[in-house]
Amino acid sequence: MMMQYLKISKEVLDAIAKHIPVVALESTIISHGMPYPQNLKTALNCEKIIKDAGAMPATIAIIKGQLCVGLTKEELSYLAKAGKKVIKTSRRDIPVIVSKGLDGATTVSATMYIASLAGIAIFATGGIGGVHRGAELTMDISADLDEFSKTNVAVVCAGAKAILDLNKTLEYLETKGVPVIGYKTSILPAFYTRKSHCSVDYQMDSSEEIAKMLKVKWDLGLNGGVLITNPIPENASLDEKLMNDAIDKALTEAEEKGIKGKEITPYLLESVKNITEGKSLQANIQLVYNNCLLAAQIAKAYQKLQ
Ligand code: PSU
Ligand code: MN
């Protein structure tokens, strides 16, 4: 029943058959998170980094109403060029996009769900959505966080951006039973910078240690995701004051323009990029690569435990 909606590429199917570990990648980061042509170059490099590390990448998107796991170069190029014309698709949007036969760029929540349908347990991205600043009034809490409470996928990201309320994001994840792991750090990374003012639940120092914990979690029937936070490489990280000022400015701008709902995250990303004259985009690209590599290592360690 379910499988009629799913289209897994031959490359990914072959990898699954040969027990080659697979790493899922999202497509909102391509269509809404970065400008063309950097988005296409980044998407292609992510796939290459995962392959070079001995795993198989599976970029996920909805194309003409089909849940696609593993995209062709042409499909990646289309998503990158079409940009914001491709509908940003989180969990709630999936049935509408599929029933209408439309194209959708999947967010972390939708990508986790589709990855789980294909049996993929590890997913790499840049940043996840979270609890927005002022959420006590707006109730803007990303669907990504609830997805972690129900879908068995581990997501490697570079922590949470200061456009969000990091403390509230961690509180929400605790309520939902989601472990937050710091890779070689006890401090939650803040995306563009290696450190925030928050701690993670647990520090883990190897892919094997993380893979073992994932196996135990799911063996025990503790359904839901795990957030693995990986600090941006030192040489790509940005100055904390520069970033906080840029983010404050972007938030003020967004408020003045009345931007809200699903538009706010892409708006803030673009506005921070403009304020930092592209520095944030370069940092974003490097941290995504770093996450792809760690995700491939975790996927390999996890595969060995199967
Ligand atoms: N953070 C980034 N880049 C992104 C996103 C978040 O640095 O591209 C995207 C991801 O797809 C994430 C989504 O799942 O934004 C969250 O959107 P929202 O805040 O509307 O839930
Ligand atoms: Mn939101």
Side-chain angles (χ1 to χ4, degrees), residues 24-36 38-40 42-43 46 59-62 79-80 83-84 86-94 104-115 123-148 151 153 155-166 168-169 172-173 189-193 225 227 229-230 232 236 238 243 246-247 250-251 254 259-273 276 279-292:
L25 295 164
E26 59 149 313
S27 45
T28 291
I29 190 174
I30 304 174
S31 298
H32 296 256
M34 290 184 189
Y36 182 81
Q38 288 94 336
N39 56 356
L40 178 58
T42 304
C46 284
T59 305
I60 290 177
I62 304 179
L79 290 171
K84 301 209 160 96
V86 185
I87 299 166
K88 178 178 164 187
T89 304
S90 74
R91 165 182 271 261
R92 61 114 192 247
D93 306 289
I94 296 174
T106 52
T107 64
V108 168
S109 67
T111 305
M112 283 173 78
Y113 185 70
I114 297 168
F123 165 15
T125 187
I128 63 157
V131 180
H132 283 261
R133 295 195 201 174
E136 62 276 19
L137 293 176
T138 62
M139 287 184 71
D140 190 349
I141 300 173
S142 175
D144 292 352
L145 297 187
D146 259 64
E147 201 60 43
F148 277 92
T151 300
V153 172
V155 180
V156 180
C157 73
K161 257 178 303 309
I163 61 171
L164 302 169
D165 186 321
L166 304 189
K168 288 196 183 77
T169 300
Y172 197 90
L173 289 168
F191 201 78
Y192 303 114
T193 56
L227 188 62
T229 65
N230 186 27
I232 182 171
L238 297 178
M243 282 327 294
I247 286 166
L251 282 165
I259 294 178
K260 54 183 174 14
K262 67 195 280 191
E263 315 300 338
I264 187 90
T265 297
Y267 179 87
L268 290 172
L269 285 172
E270 193 176 327
S271 158
V272 166
K273 187 206 89 185
T276 63
K279 284 201 191 92
S280 68
L281 177 59
Q282 287 316 313
N284 199 345
I285 292 169
Q286 294 306 317
L287 67 85
V288 174
Y289 293 162
N290 192 43
N291 296 342
C292 286

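All values below were derived from every heavy atom in this structure, side-chain atoms included, with hydrogens, water molecules and symmetry-related copies excluded. One-based numbering, in listed order, for ligands and for the atoms of each.
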field: Winner among T28, V272, L269 once heavy atoms are compared against atom 4 (C) of ligand 1
entry: L269
- prompt: Run the side chain to side chain contact (heavy atoms under 4.5 Å, CB included) check on L145 and T169 step by step: do they pass?
  reply: CA-CA 8 Å; L145 297 187; T169 300; 4.2 Å; yes
Any donor-acceptor N/O pair, S31 side chain to T28 backbone, under 3.5 Å: no
task: For the Mn ion (ligand 2), find the closest N/O/S atom belonging to D140 and write down its atom name.
output: OD1
- request: Measure from the side-chain N and O atoms of T193 to the backbone N and O of L238, and report whether any donor-acceptor pair falls under 3.5 Å.
  value: no
field: From CZ (R91) to OG1 (T107), nearest 0.5 Å
entry: 10.5 Å
message: Nearest 0.5 angstrom please: D93 CG to K262 NZ, how far?
response: 4.5 Å
- prompt: When you look at T42 and Q38, which way does the side chain to side chain donor-acceptor pair (under 3.5 Å) test go after all the steps?
  reply: CA-CA 6 Å; T42 304; Q38 288 94 336; over 6 Å; no
- prompt: Which atoms from ligand 1 have a heavy atom of K88 less than 4.0 Å away?
  reply: 17 (O), 18 (P), 20 (O)
- request: Could you find the nearest protein heavy atom to atom 8 (O) of ligand 1 and give me its residue, atom name and distance?
  value: I29 CA, 3.5 Å
message: Heavy-atom pairs closer than 4.0 Å: do any link ligand 1 to the side chain of H32, the backbone, both, or neither?
response: neither
- line: Atoms of ligand 1 under 4.0 Å from any heavy atom of G33, numbered from 1 in the order shown, are 8 (O)
message: Quick one: does any side-chain atom of D165 pair with a main-chain N or O of V131 as donor and acceptor, under 3.5 Å?
response: no
- prompt: Going by the order shown, which atoms of ligand 1 are within less than 4.0 Å of some heavy atom of H132?
  reply: 19 (O)
- line: Ranking N284, V155, D144 by closest non-hydrogen atom to atom 12 (C) of ligand 1, top hit is D144
- request: Check whether any N or O atom of T265, backbone or side chain, sits under 3.5 Å from an N or O atom of ligand 1, and answer yes or no.
  value: yes
statement: Closest heavy-atom approach to atom 21 (O) of ligand 1 among S142, A158, A160 is made by S142
message: To check you understand the geometry: which heavy-atom pair defines the closest contact between T59 and E26, and what is its length?
response: CG2-O, 4.0 Å
statement: For atom 1 (N) of ligand 1, the closest protein heavy atom turns out to be K161 NZ, 3.2 Å
- prompt: At a 4.0 Å cut-off, with the gap strictly under it, does some heavy atom of E26 reach an atom of ligand 1?
  reply: yes
Y113 atom OH, over 12 foreign heavy atoms within 6.0 Å: no
task: Return a yes/no value for V108: is any of its N or O atoms, backbone included, closer than 3.5 angstrom to an N or O of ligand 1?
output: yes
task: Could you list the atoms of ligand 1 found under 4.0 angstrom from a heavy atom of F191?
output: 7 (O)
query: Are M34 and ligand 1 in contact, using a heavy-atom cut-off of under 4.0 Å?
result: no
- prompt: Is the side chain of N39 donor-acceptor paired with the backbone N or O of A80 at a distance under 3.5 Å, no angle test?
  reply: yes
query: Can you tell me which residue and heavy atom of the protein come closest to atom 6 (C) of ligand 1, and the distance to 0.1 Å?
result: G127 O, 3.5 Å
query: Taking both backbone and side-chain atoms of K262, is any N or O found less than 3.5 Å from an N or O belonging to ligand 1?
result: no
query: Would you say ligand 1 has an N or O under 3.5 Å from any N or O of T107?
result: no
query: So, T106 versus T89: side-chain donor-acceptor pair below 3.5 Å or not?
result: no
